[in-house]
Amino acid sequence: MYRQARRLLMLRSSGGPGGNGPARSLSTGLPAAPAEDATFVEAWKKVAPNIEPPTTPLSFMKPRPATPPSIPGKLTVNFVLPYQSELANKEVDMVIVPATTGQMGVLPGHVPTIAELKPGVLSVHDGSEVAKYFVSSGFAFVHANSVTDIVAVEAIPVDQIDPALVQKGLAEFNQRLSSASTDVEKAEAQIGIDVHSALNAAVTG
Amino acid sequence: MSSGAAVPFWRAAGMTYITYSNICASLVRNCLKEPHRAEAASREKVHFAVSKWVDGKPEKPIFNYLSCLHKIIKDECSSDCHLGGDDVHEINYQCK
């Protein structure tokens, strides 16, 4: 079985220029998404030439931008919350997201990534302006066409954080952790400590 | 490959991601400065009605509580509880 593996791998990878080609193209080489299905429209026109083909939801949406062949100059950021969209298609230079694996900087041409966010500071750098938001948790998706989607449940500008409340919360959750008995209580107390220490770092740092 | 990956502490304690995310969000909202805090408090509200079923008939529903959904379900519901009901009264119920 493994004797054939190398031959099969070579077939798949070199299938582009010669031979049948790989079964599916890699997602890095995708063109822009089509607004309507060309084969469906042709088939419809053959059957009912006088009636307009039905529109699908995809034709009302803006198509996915194509993956450019060279690294674009700016990053397009969409930062959305459940109740409002903070940034929509904003062109920026860099975004630093608080991923669970640490602060991650995203520049144009970043490798496509899905990152889970931890409570922390998200900073959007555009030229010399920096906009900082404290994000409670969420996800960041970086696509091959340098579009970054950041979704969070709650995000507040860092200057709207009240330091006194943060200290109070930190003390309260530390106390709850020491008096916690069940796993769930300990987890909730630990979450409280994580969030409040991140808030503390955001306010003072 | 990743079947033995380390789970986050909240999942090990039996909490789901949505619960974790909502707890984080409500903690962040509670640390806001004053005018924003009042606006944000309205975002935490959940409108629902809970009615207990007895002998196959629903009793009058407990009215729409406005916060801390998961705590209310833990406190009020036993196994014969059923979410439903048509009354739309609003009662301010803070569960801290």
Side-chain angles (χ1 to χ4, degrees), chain A residues 81-84 98 100-101 116-122 133-139 151-173 176-177 180-203, chain B residues 1-48 64-79 81 90 93-96:
Chain A
L81 304 173
Y83 49 89
Q84 84 182 45
T100 43
T101 51
E116 184 192 335
L117 305 180
K118 66 178 179 212
V121 175
L122 169 86
Y133 300 90
F134 185 87
V135 159
S136 67
S137 63
F139 290 91
V151 291
V153 178
E154 188 67 55
I156 60 183
V158 166
D159 44 12
Q160 286 179 15
I161 304 178
D162 189 345
L165 288 172
V166 172
Q167 296 296 344
K168 195 169 74 121
L170 194 53
E172 183 196 332
F173 280 98
R176 266 203 225 180
L177 182 61
S181 44
T182 67
D183 264 345
V184 179
E185 279 179 34
K186 280 193 203 136
E188 285 182 8
Q190 185 62 45
I191 295 173
I193 294 179
D194 286 343
V195 172
H196 286 268
S197 21
L199 276 165
N200 210 358
V203 158
Chain B
M1 266 185 289
S2 63
S3 51
V7 290
F9 64 90
W10 38 268
R11 195 173 286 282
M15 205 187 285
T16 62
Y17 180 80
I18 299 184
T19 320
Y20 164 71
S21 190
N22 285 337
I23 293 180
C24 286
S26 64
L27 291 174
V28 168
R29 275 183 214 123
N30 286 337
C31 288
L32 277 170
K33 281 190 187 155
E34 228 350 277
H36 308 283
R37 195 164 185 217
E39 297 161 6
S42 62
R43 270 184 240 133
E44 285 202 14
K45 292 182 188 163
V46 175
H47 292 255
F48 70 99
N64 295 354
Y65 290 106
L66 293 185
S67 60
C68 296
L69 176 58
H70 67 287
K71 284 211 175 102
I72 291 166
I73 291 191
K74 256 196 311 190
D75 297 338
E76 301 278 347
C77 282
S78 50
S79 57
C81 220
E90 273 188 5
Y93 182 75
Q94 294 295 323
C95 62
K96 286 240 167 76

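The sequence lines fix the lettering, A, B, ..., with proteins before strands; numbering per chain opens at 1. Please read all numbers here as calculations on a predicted model, not as lab measurements.
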Shortest non-hydrogen separation from A/V195 to B/C24 and the atoms involved:
CG2-SG, 3.7 Å
Are side-chain heavy atoms of A/D194 and B/W10 found at a separation under 4.5 Å?
no
If you round to the nearest 0.5 Å, how far is CD of A/Q167 from SG of B/C31?
10.0 Å
Heavy-atom pairs under 4.5 Å with chain A are the metric here; pick the option from B/A40, B/P35, B/G14, B/A13 that has the most.
B/A13
Inter-residue atom distance A/I193.CD1 - B/L27.CG, 0.5 Å rounding
11.0 Å
Highest number of heavy-atom pairs under 4.5 Å with chain B among A/S136, A/P82, A/G192 belongs to A/S136
What residue, out of B/S26, B/P8, B/A25, has the most heavy-atom pairs lying under 4.5 Å from chain A?
B/A25
So, the part of A/E116 with a heavy atom under 4.5 Å from chain B: the answer is side chain
Using a cut-off of under 4.5 Å on heavy-atom pairs, state which of A/V166, A/D159, A/T182, A/I156 scores highest against chain B.
A/I156
Can you pull out every salt bridge (charged side-chain N to carboxylate O under 4.0 Å, His left out) where at least one residue sits in residues 18-30 of chain B? Sequence neighbours excluded, please.
A/E154-B/R29, B/R29-B/E44
Once rounded to the nearest 0.5 Å, what's the spacing between atom NE2 of B/H36 and atom CD1 of A/I161?
11.5 Å
At what distance, to the nearest 0.5 angstrom, does CG of A/L165 lie from CZ of B/R37?
5.5 Å
Contacts of A/P163 that satisfy side-chain contact (heavy atoms from CB on, under 4.5 Å) - sequence neighbours left out
A/V203
Distance-minimising heavy-atom pair for A/P119 and B/Y20
CD-OH, 3.7 Å
